[in-house]
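This report concerns only the one structure given below.
When reading the values below, keep in mind they use all heavy atoms of this one structure, side chains included, and skip hydrogens, waters and symmetry mates. Here, residue 1 is the first one in the sequence, and each next residue gets the next number. Both counts, for ligands and for their atoms, begin at 1 and track the order of listing.
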Amino acid sequence: MNAHTHSSLESDIKNHLNVQRWRHDFPILQTRLYGKTLVYLDNAATTQKPYTVMEAENHYYRYDNANVHRGIHTLSQRATEAFEYARVALQHLINAQYAHEIIFVRGTTEAINLVAQSYGRSRFKAGDEIIVSGMEHHSNIVPWQMLCKQVGAILRVIPVDDAGELDRNTYDALLCQRTKLVAITHVSNTLGTINPVKRMIDAAHAHHIPVLLDGAQAIAHLPVDVQDLDCDFYAFSGHKLYGPTGIGVLYGKSALLDDMPPYQGGGDMISSVSFEATTYNKLPYKFEAGTPNIAGVVGVGAAANYLNSIGFDAIVGHEQALLRYATELISEIPGLRIIGNASNKTGILSFVLQGLHPHDIGTFLDRQGIAVRTGHHCTMPLMERFGVPATVRASFALYNTISEVDKLAEAIYQVKEVFK
Ligand code: PMP
C-alpha cells in the first residue's frame, strides 16, 4: 500500500467514526419505517435535532421558564440570561461584530420580509430597482414583489445558466444607479449551487449598493463569516441548522439597522410610550416586538454551539465526500438527469428520471424508508428555467452516510424496474 492510499484509508476510517458518533446525537435516526431504518435525505427542507437542542429547550421549560427582559424575579433573570447567551452563540456562529446585530425572528421568511418592509419601504421609490436571481426561493422573491407594488420599484433578475450558475456578466451589467438592493441566495435550495457571493458583494459595493444574503441553505453546511463577506444583511432559519422551527435570525450591520424604522410595534420594542409620542428601544429590541419564542431561541443557541463544537472543517469535508460519491453513483443511472451541475455545490442533488413523475419516485422511496423531497421546492421560476415541473431532491446533512447513498441509488434502480 502506498503512502497516499494509506492516508486516504486513514481519513476514511476517521470520517466513518466521526459520522457514527454524530449519528448517536440524533435519536430520530433510529426510527424504523416499513421494516427499514430511516434514511433521512430531506435536510434542505428541515434538519433533524440533536439531544442537546431538545435538552436545552426542555431544561428551559423545566427550570427557567419566565418572560424575558421585564422581570425583576430570579426566573425572569435566568430566562433573560439564557436568551441573551443564545444571541451571543449565534453572533459567534456567523462572526458578527456585535451581539445586537442578531435580530431574532421566526425564520428566513420573516427576516426577508422585515428588510423589505422596514428598510425597503422607507427608502425605495418608483423606478428604483431590486436585483434578485433566477434561483431564489419564493421567500426571496415574493416580499420584493410586494414591496415593488407598494412603492413602484422594479425587480431585476440575474439569469441562471444550464449548469445552474448565475450569469456573471448580466449581473455586472444590471448593477446601476437605479439599483437599491441586491437580494440573492448564498446556496440554492434546489440546485445546491454555492454562489460566488463575496465577489458579488464587492461588485455591488463598488456601486454603493447593499446586499442581502438568504443563508437558509448555507448556515449548516458552510462556515459563514458576515464580516469577511461584508454582506449588509444575512437571513437564516433555526430549523435548517439542527435547531427548532419557528425561530431564525436576521443579521444586519449595526449602522443600517439603527437607521431603519421598526417592523412591528408592541411591547419590548419601545423605550417610552404616550398617546402623543413613542420612542423606540435600542438594537436589537427595536425589531423584537412582543414576547419572543424564548424556548426556540434557547434551542437555536444550543444548535449553534453544537455546530461550533463539531467545526466546519469536518462538516464540509464529510458532506463534500457524500456529494461526490452520490453524484458519481447516480449519474450512472440510465435516463437520470441531474438538475444543477455547478462547479461549487453543497450536498444537494436534484434529479428527474425519464418517464417517471417525481412524486411516484418519492412515494416509492418512502416505502423503502428513504425520505426525499419531490416538487418545485418553492422555486417555481427555476423549474420553468429548466423545463421541469418538479424534481426529486436528496439533500445531505452531517449525519448521512455513504451506505445511505448506496440505498438511495439501489432504490432508484428498483423504481425504474417497477415502473418499466
Ligand atoms: N430560502 C431558502 C433558500 C430556503 O431553502 C428556505 C426554506 N426552504 C427559505 C428561504 C425559507 O425558510 P423558512 O421557511 O424557514 O422561513
Side-chain angles (χ1 to χ4, degrees), residues 40-49 53 90 94 103-117 132-146 157-158 160 164-166 182-195 197 200 211-222 224 231 233-251 263 292-293 296-297 299-300 303-304 319 339-340 342 344-350 371-383 385 390-397:
Y40 187 77
L41 300 177
D42 193 18
N43 296 288
T46 199
T47 50
Q48 298 303 346
K49 319 304 172 201
V53 167
L90 271 302
I94 61 169
I103 311 290
F104 285 119
V105 290
R106 277 194 300 131
T108 310
T109 304
E110 188 173 48
I112 296 171
N113 277 278
L114 190 163
V115 176
Q117 290 303 312
V132 296
S133 88
M135 63 171 77
E136 297 310 314
H137 188 279
H138 296 161
S139 63
N140 201 26
I141 300 174
V142 184
W144 306 116
Q145 285 176 326
M146 290 162 66
V157 184
I158 314 163
V160 178
E165 295 184 354
L166 294 181
V182 173
I184 45 166
T185 196
H186 192 167
V187 170
S188 159
N189 65 308
T190 301
L191 309 169
T193 310
I194 304 173
N195 286 316
V197 287
M200 294 175 80
V211 178
L212 173 143
L213 293 183
D214 171 349
Q217 295 297 337
I219 194 70
H221 308 287
L222 298 173
V224 172
C231 56
F233 299 104
Y234 199 93
F236 59 96
S237 304
H239 70 97
K240 311 245 192 214
L241 65 104
Y242 310 104
T245 52
I247 189 68
V249 167
L250 171 68
Y251 158 82
Y263 173 50
N293 178 359
V297 166
V300 77
E319 291 181 2
I339 309 281
N344 201 9
K345 284 182 63 171
T346 59
I348 289 178
L349 261 186
S350 263
V372 292
R373 182 129 307 226
T374 61
H376 54 63
H377 317 296
C378 296
T379 53
M380 281 181 163
L382 189 62
M383 293 291 105
R385 159 67 184 82
T391 73
V392 181
R393 181 187 68 188
S395 50
F396 305 124

query = What do you reckon, are the aromatic ring centroids of His138 and His376 less than 6.0 Å apart?
reply = yes

query = Does Ser139 come within less than 4.0 angstrom of ligand 1, counting non-hydrogen atoms of the residue?
reply = yes

key: Closest to atom 5 (O) of ligand 1 (judged by heavy-atom distance), picking from Gln217, Met135, His377   = Gln217

ask   = Would you say Asp214 has any N or O atom under 3.5 Å from an N or O of ligand 1, going by distance alone?
value = yes

message = With side chain to side chain contact (heavy atoms under 4.5 Å, CB included) as the test, pick out the partner of His239 among Val300, Ile247, Thr245.
response = Thr245

ask   = Got the closest protein heavy atom to atom 4 (C) of ligand 1, with its distance?
value = His137 CD2, 3.4 Å

ask   = From Phe233 CZ over to Leu114 CG, what is the distance, rounded to the nearest 0.5 angstrom?
value = 8.5 Å

ask   = Any non-hydrogen atom of His239 lying under 4.0 Å from ligand 1?
value = yes

request  = Starting from atom 14 (O) of ligand 1, locate the nearest protein heavy atom and write down its residue, its atom name and how far away it is, to 0.1 Å.
outcome  = Thr109 OG1, 3.6 Å

query = Hey, which atoms in ligand 1 end up nearer than 4.0 Å to a heavy atom of Ser237?
reply = 12 (O), 13 (P), 15 (O), 16 (O)

note = The closest protein heavy-atom partner of atom 8 (N) of ligand 1 is Lys240 NZ, 2.6 Å

inquiry  = Working note: His137 + Thr185, criterion side-chain hydrogen bond (donor to acceptor under 3.5 Å, both in side chains); need CA distance, chi angles, decisive distance, verdict.
reply    = CA-CA 8 Å; His137 188 279; Thr185 196; over 6 Å; no

remark   = Distance col, row Leu191:CG vs Leu349:CG, nearest 0.5 angstrom, shows 11.0 Å

key: Distance in Å, Thr346 OG1 paired with His186 NE2, rounded so as to fall on 0.5 Å steps   = 9.5 Å

